[in-house]
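Working notes for the structure below.
We number each residue from 1, following the sequence as shown.
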Amino acid sequence: MDPGAKAAAAAVTVDDVRHVAMLARLGVSDERARALTRDLNAILEHMAVLARVDTTGIDETAAKADGGMRLRDESAPCVQLASKPEAFAPEMRHGFFIVPRLSSHEDVSA
């Protein structure tokens with residue numbers, strides 16, 4: 001089967017977008033669902049084009065440099081806070097900020 005035909009058969013529908021939004025507990029308007037459907041199908045079309053590229057004989061690691069990507073030296077000074085985080089954070093534990101749970105999630109006491 002042609003990779004392009006395979007991508008077309010696997011196109012995302014508005015119902016797919018609504019289903020995923022429901023699973024993620026996200027409110028998505030009809031207009032936004034249609035826009036997301038267009039965007040996701042455009043991504044699939046680009047992937048279908050990439051799938052047609054002949055990579056026969058190309059080493060999988062050809063684009064990787066030895067030792068990974070070269071990183072720049074960190075030269076920016078560390079910015080000190082005007083006061084300790086405990087002064088403005090509602091709650092901290094072991095040096096971490098405690099963030100309230102979303103109202104849609106169960107209330108679990110830590």
Side-chain angles (χ1 to χ4, degrees):
M1 176 184 267
D2 174 34
K6 187 176 184 181
V12 178
T13 66
V14 173
D15 288 336
D16 294 331
V17 170
R18 286 189 184 120
H19 179 72
V20 171
M22 184 268 309
L23 292 173
R25 297 180 181 172
L26 297 173
V28 177
S29 69
D30 289 342
E31 181 181 332
R32 183 68 179 140
R34 286 189 300 272
L36 288 168
T37 302
R38 281 190 305 273
D39 292 346
L40 291 169
N41 282 315
I43 291 169
L44 289 176
E45 289 173 24
H46 289 296
M47 295 305 296
V49 170
L50 291 174
R52 290 192 298 264
V53 174
D54 182 16
T55 58
T56 306
I58 297 176
D59 182 19
E60 292 178 9
T61 60
K64 296 180 184 173
D66 289 336
M69 189 169 134
R70 201 176 109 244
L71 302 176
R72 65 177 174 82
D73 292 332
E74 186 61 61
S75 59
C78 183
V79 177
Q80 297 297 321
L81 297 174
S83 58
K84 292 185 177 188
E86 293 83 4
F88 58 84
E91 186 178 353
M92 291 191 70
R93 188 178 310 137
H94 307 294
F96 293 97
F97 294 99
I98 303 300
V99 180
R101 290 187 173 272
L102 296 174
S103 62
S104 63
H105 291 80
E106 61 187 74
D107 184 24
V108 179
S109 299

- Query: Residues in side-chain hydrogen bond (donor to acceptor under 3.5 Å, both in side chains) with Asp39, at least two apart?
  - Reply: none
- Message: Between Asp54 and Thr56, do the side chains contain a donor N or O and an acceptor N or O under 3.5 Å apart?
- Response: yes
- Message: For a side chain to side chain contact (heavy atoms under 4.5 Å, CB included) check, start with the C-alpha distance between Leu36 and Arg32, then their side-chain angles and the critical distance, and finish with the verdict.
- Response: CA-CA 6 Å; Leu36 288 168; Arg32 183 68 179 140; 3.6 Å; yes
- Between Thr55 and Ile58, is there a donor-acceptor pair closer than 3.5 Å when you use the side chain of the first and the backbone of the second? no
- Task: For atom CZ of Phe88, decide whether the heavy atoms of other residues, nucleotides or ligands shown that lie under 6.0 angstrom number more than 12.
- Result: yes
- Message: Is there a path of hydrophobic side-chain contacts, each under 4.5 Å between heavy atoms, that joins Ile43 and Val49?
- Response: no
- Query: According to a 4.5 Å side-chain heavy-atom criterion applied to Ile, Leu, Val, Met, Phe, Trp and Tyr, with indirect links allowed, do Val14 and Leu26 form part of one hydrophobic cluster?
  - Reply: no
Indicate the atoms forming the closest heavy-atom contact of [X] with [Y], along with that distance.
{"X": "Met92", "Y": "Ala89", "value": "CG-CB, 3.7 Å"}
{"X": "Val28", "Y": "Ala33", "value": "CG1-N, 3.5 Å"}
{"X": "Thr37", "Y": "Val12", "value": "CG2-O, 3.2 Å"}

- Task: Could I get the full list of salt bridge (charged side-chain N to carboxylate O under 4.0 Å, His left out) partners for Glu86, not counting sequence neighbours?
- Result: none
- Task: Apply salt bridge (charged side-chain N to carboxylate O under 4.0 Å, His left out) to Asp30 and list each qualifying residue two or more places apart in sequence or on a separate chain.
- Result: Arg18
